[in-house]
Amino acid sequence: MPELPEVETTLRGIEKPLSGAKIECLRIRDSRLRWPIPDDLGARVEGRRIVSLQRRAKYILINLEPGSLIWHLGMSGSMRIVNKSTELRKHDHVDLVLSNEVILRYNDPRRFGCLLWADDALAHPLLRSLGPEPLDAEFNGTYLYKKSRGRRIAIKSFIMDQKVVVGVGNIYASEALFLAGIRPARQASRISLARYDALAVHIKGVLQRAIAQGGTTLRDFSQADGRPGYFEQQLHVYGREKQPCTLCGHAISNKVIGQRASYYCPKCQI
DNA sequence: CTTACCGCCTGTCGGC
DNA sequence: TGCCGACAGGCGGTAA
């Protein structure tokens, strides 16, 4: 999926046209997402006004007050702002049609995303047990250090666990570990507080820089205006197997950790 | 509680 | 050129 920077980029791209707008209707062309889109969702939102939008973890929340649409982009989802004469593309599964001529169009080839309703989104089972936002002050080295005591899993799997910290996926986990000089397979319990301090700083830094670049586009992702994200050119290790390390020139390795490709420099990351 | 693994889907790419 | 398997940015469910 879109990780945190891609979801944040999407949110920023749709916030202005959607905020305060009235929902004309919800057009569902294919409801077979990760969970089926509820049958009554259209009736539930039709004619109502969008009060605000927010991101929590990798979820986009469209608040109608009371109640929210809970929208996740899955692995391959994207949203675009279009109008009624915009031609449909393959996998354009949902349109949120607003009365101001604006249409929010959701495209998701793999259909791993979801579109659900909750009276209280943050209390929804999918969101209830999520860890802290990585850009919040409460997320820091001390938090990671305490949370990791007794955890034998690889540090990369640990920071990708949404109960530990949200928003960090396969790309940015690899990048943050490179910047912090930590080998992705290292056990989470065997990392010092000082190194967790550095890791927290680099998680925040890489996410912020990626947001500033509109996210990373590898294949499916695009911003709400259709442009790609531009962070790919700043990736140090992700997808760079056998290419030279940007710091020392050694070839980048790729090892499977927790069923996911994991890129690192065997010289710079210990 | 933790950890490891499966599977949901379509599209693309590399190897033969 | 065509076919086939491996793999892809996520994540809930299950089993041990």
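We use all heavy atoms of the structure for the numbers below, so side chains are in, but hydrogens, waters and symmetry mates are not.
Nucleotides C:dG9 and B:dT3 have their C1' atoms positioned 23 Å apart, rounded to a whole Å. Comparing B:dC6 with C:dA6, their P atoms are spaced 13 Å from each other, to the whole Å.
For the ring pair (Phe, Tyr, Trp, His ring centres under 6.0 Å) with A:Trp71, the qualifying choice from A:Tyr106, A:Tyr59, A:Trp117 is A:Tyr106, the only one to do so.
Regarding A:Met160, its CE atom lies at a distance of 14 Å from the C1' atom of C:dG12, rounded to whole Å. Between A:Glu6 atom CD and C:dA8 atom C1' the separation is 14 Å, expressed in whole Å. One can place CG of A:Asp108 at 10 Å from C1' of B:dT10, the figure rounded to the nearest angstrom. The nearest whole Å value for the distance from the CG atom in A:Asn254 to the C1' atom in C:dA8 is 12 Å. If you take CD1 of A:Ile153 and P of B:dC1, they are 15 Å apart, rounded to a whole angstrom. Going from atom CG of A:Leu73 over to atom C1' of C:dG10 covers 11 Å, rounded to whole Å. Rounded to a whole Å, the NZ atom of A:Lys90 is 8 Å from the C1' atom of B:dT10. One can place NZ of A:Lys156 at 15 Å from P of B:dT3, the figure rounded to the nearest angstrom.
Remark: A:Arg32 is not in phosphate contact with B:dC8, judged by side-chain N or O atoms under 4.0 Å from OP1 or OP2. Dashed line: the shortest gap from a side-chain N or O of A:Arg152 to OP1 or OP2 of B:dT2 is not under 4.0 Å. Remark: A:Gln162 is in phosphate contact with C:dC11, judged by side-chain N or O atoms under 4.0 Å from OP1 or OP2. At C:dG9, one or more side-chain N or O atoms of A:Tyr238 fall inside 4.0 Å of OP1 or OP2 (strictly under the cut-off). Residue A:Lys58 has no polar side-chain atom (N or O) positioned under 4.0 Å from OP1 or OP2 of C:dG9. A:His91 has no side-chain polar atom (N or O) that falls below the 4.0 Å cut-off from OP1 or OP2 of B:dC9.
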Run the side chain to side chain donor-acceptor pair (under 3.5 Å) test on A:Lys204 and A:Asn140 for me, step by step, so that the C-alpha distance in whole Å, both residues' side-chain angles and the decisive distance to 0.1 Å come before the verdict.
CA-CA 9 Å; A:Lys204 289 171 191 276; A:Asn140 56 35; over 6 Å; no
Take A:Tyr263 and A:Gln269 through the test side chain to side chain donor-acceptor pair (under 3.5 Å) and record every step on the way to the result.
CA-CA 11 Å; A:Tyr263 302 91; A:Gln269 294 174 255; over 6 Å; no
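The closest side-chain heavy-atom distance from A:Leu218 to A:Glu232 is below 4.5 Å.
Using a 4.0 Å heavy-atom criterion, one finds that A:Thr216 contacts the bases of the nucleic acid, with or without backbone contacts as well. At a threshold of 4.0 angstrom between heavy atoms, the contacts of A:Lys163 with the nucleic acid are absent. Base engagement by A:Leu218 is indicated by at least one non-hydrogen atom pair under 4.0 Å involving a base atom.
Place A:Arg219 and A:Leu33 on DNA chain B by their nearest nucleotides, and A:Leu33 ends up nearer the 5' end. DNA chain B is contacted by both A:Arg151 and A:Arg34; A:Arg151 maps to the nucleotide lying nearer its 5′ end (nearest heavy atom per residue).
Stacking here means ring centres nearer than 5.5 Å and ring planes tilted less than 30 degrees, and by that measure A:Phe112 stacks onto B:dC8. A distance cut-off of 5.5 Å between ring centres, combined with a plane angle under 30°, leaves A:Phe221 outside any stacking arrangement with the base of C:dG9.
Put simply, the side chain of A:Arg111 and the base of B:dC9 share no donor and acceptor less than 3.5 Å apart. Taking 3.5 Å as the limit, the base of B:dG11 and the side chain of A:Arg110 contain no donor-acceptor pair of atoms between them.
For B:dG11, the paired base is C:dC7 (Watson-Crick or G-U wobble, both distances below 3.5 Å).
Here A:Arg49 does not pair with A:Glu65 in a salt bridge; the nearest charged N to carboxylate O distance is not below 4.0 Å.
A cation-pi contact links A:Arg149 to A:Tyr145, judged by a cut-off of 6.0 Å to the six-membered ring centre and 45° from its axis.
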